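Bear in mind that the values here come from a model prediction, so they are computed numbers and not experimental data.
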Amino acid sequence: NPNVTLVDAFPNLSFNKALHLTHSGDATNRIFVVQQDGKIITFPNDSNATVSQTKIFLDISNKISSSSGEQGLLGLDFHPNYSSNGYIYVNYTAPSPLRTVISRFKVKSSDPNKIDSLSEYKILEINQPYTNHNGGSVMFGLDGYLYIGTGDGGDANDPFNNAQNLGSLLGKILRININATSP
């Protein structure tokens, strides 16, 4: 289309296997980039931002199964009340056994540009039969619930029919009331 012009929004920056760009909704005007290799990078929302202004917000590269194919750190969203509770939610694939992990982490009280990697609270784990089609998106809806895209579990043509099986969490978009604390 001759009416479309592409512009490099952050020409001084580059990322390793970036798959999601978002903001925290807390009026700090920061950008967050999710890298499949297990890192979330943050920097000022400024087209002149430089590498020296980037910070590793979260590094869980030691927890992921792989950063190749359709595995790794696959999703991030900020709790709607992030500015008061400091919670983020991530989706990643973990090894032994291969599984999707949905976890909550909390920002460090001493540094708003760093997540406390020891604050992980695992919400849900789903075994994965294959290394592909592992899903990855996590997003809060207008209803305040966390929506999770799980992928169908892998291989070609959904061989286990997970997407059609209401007894399987694979091949679904799950909705969780993340603020409820009962089991």
Side-chain angles (χ1 to χ4, degrees), residues 14-24 31-43 54-80 82 86-108 113-141 145-178 180 183:
S14 62
F15 304 96
N16 183 32
K17 297 185 178 183
L19 43 82
H20 185 64
L21 180 140
T22 190
H23 62 89
S24 56
I31 296 290
F32 297 82
V33 173
V34 176
Q35 296 185 161
Q36 192 177 3
D37 67 1
K39 294 178 183 144
I40 299 171
I41 308 299
T42 186
F43 55 92
T54 64
K55 301 206 179 339
I56 297 175
F57 187 61
L58 176 66
D59 183 353
I60 57 169
S61 55
N62 62 329
K63 294 177 179 278
I64 64 172
S65 59
S66 172
S67 64
S68 65
E70 299 171 25
Q71 301 177 78
L73 178 56
L74 302 174
L76 159 73
D77 206 3
F78 292 81
H79 190 281
Y82 174 75
Y87 292 151
I88 67 164
Y89 295 82
V90 298
N91 181 332
Y92 65 93
T93 48
S96 304
L98 184 65
R99 65 200 184 282
T100 290
V101 179
I102 308 301
S103 287
R104 179 188 76 198
F105 287 89
K106 186 167 176 46
V107 72
K108 284 188 170 188
N113 290 312
K114 193 83 166 161
I115 289 292
D116 179 357
S117 61
L118 299 177
S119 70
E120 182 176 21
Y121 177 75
K122 291 181 182 174
I123 296 164
L124 180 64
E125 295 184 76
I126 307 168
N127 286 338
Q128 290 284 356
Y130 298 102
T131 60
N132 63 341
H133 299 197
N134 293 164
S137 244
V138 289
M139 294 182 170
F140 279 92
Y145 285 33
L146 183 66
Y147 288 77
I148 303 161
T150 62
D152 68 14
D155 210 15
N157 304 313
D158 190 11
F160 295 120
N161 290 319
N162 289 317
Q164 292 75 31
N165 178 355
L166 294 179
S168 172
L169 294 179
L170 295 172
K172 310 293 185 294
I173 296 178
L174 307 177
R175 183 179 84 147
I176 298 177
N177 180 356
I178 212 69

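In this structure, the ring of Phe140 has its center no less than 6.0 angstrom from the ring center of Tyr82.
Note that NZ of Lys39 and CG of Leu73 are 11.0 Å apart. Values are rounded to the nearest 0.5 Å. Atom CZ of residue Arg104 and atom CD1 of residue Ile123 lie 6.5 Å apart, to the nearest 0.5 angstrom. Here the straight-line distance linking atom CG of Asn113 with atom CG of Leu58 works out to 13.0 Å at 0.5 Å rounding. Going from atom CG of Asp37 over to atom CD1 of Ile60 covers 10.0 Å, rounded to the nearest 0.5 Å. From Ile40, atom CD1 reaches atom CG of Leu76 across 4.5 Å, with rounding to the nearest 0.5 Å. The CD1 atom of Ile148 sits 9.0 Å away from atom CG of Leu169, with the distance rounded to the nearest 0.5 Å.
Partner of Thr93 under the side chain to side chain contact (heavy atoms under 4.5 Å, CB included) criterion, chosen from Gln71, Gln36, Arg99: Gln71.
Side-chain contact between Lys106 and Asp116 is absent, with no heavy atoms from C-beta onward closer than 4.5 Å. Proximity of Leu174 to Ile102: side-chain heavy atoms (C-beta onward) are nowhere separated by under 4.5 Å. Side-chain contact between Phe43 and Val33 is present, with heavy atoms from C-beta onward closer than 4.5 Å. Using a 4.5 Å heavy-atom cutoff, the side chains of Asn91 and Val101 are not in contact.
Between His23 and Phe78 the shortest heavy-atom distance is O-CD1, 3.4 Å. Of all heavy-atom pairs spanning Phe105 and Glu120, the tightest one is CE2-CB, 3.3 Å. The two atoms that bring Gly153 and Pro129 nearest to each other are O-CG, 3.3 Å, heavy atoms only.
Looking at Asn157, its side chain never comes within 3.5 Å of a backbone N or O of Pro159 through a donor-acceptor pair. Side chain of Ser137 to backbone of Gly149: no donor-acceptor contact under 3.5 angstrom is found. Proximity of a side-chain donor or acceptor of Asn134 to a complementary backbone N or O of Gln128 within less than 3.5 Å is not detected.
Under a cut-off of 6.0 angstrom, the local environment of CG in Leu21 is crowded, with over 12 non-hydrogen atoms contributed by other residues, nucleotides or ligands.
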Give the C-alpha distance, both sets of side-chain angles, the deciding distance and a yes or no for side-chain contact (heavy atoms from CB on, under 4.5 Å) between Ser103 and Val90. CA-CA 5 Å; Ser103 287; Val90 298; 4.3 Å; yes
Take Val138 and Ile178, measure what side-chain contact (heavy atoms from CB on, under 4.5 Å) needs, and give me the verdict at the end. CA-CA 12 Å; Val138 289; Ile178 212 69; over 6 Å; no
Walk me through it: do Ile88 and Phe57 pass the test side-chain contact (heavy atoms from CB on, under 4.5 Å)? CA-CA 11 Å; Ile88 67 164; Phe57 187 61; 4.1 Å; yes
side-chain contact (heavy atoms from CB on, under 4.5 Å) between Ile115 and Val107: does it pass, once the steps are laid out? CA-CA 4 Å; Ile115 289 292; Val107 72; 4.0 Å; yes
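Screening residues 159-177 for side-chain hydrogen bond (donor to acceptor under 3.5 Å, both in side chains) gives Asp143-Arg175, Asn162-Ser168 as the qualifying pairs, with residues at least two apart or on separate chains.
Under the side-chain hydrogen bond (donor to acceptor under 3.5 Å, both in side chains) criterion, Ser117 pairs with no residue at all, not counting sequence neighbours. A search for salt bridge (charged side-chain N to carboxylate O under 4.0 Å, His left out) contacts involving Glu70 returns nothing, not counting sequence neighbours.
In this pair, Tyr130 and Phe160 present their aromatic rings parallel. The plane angle is below 30°, not in the 30 to 60° band.
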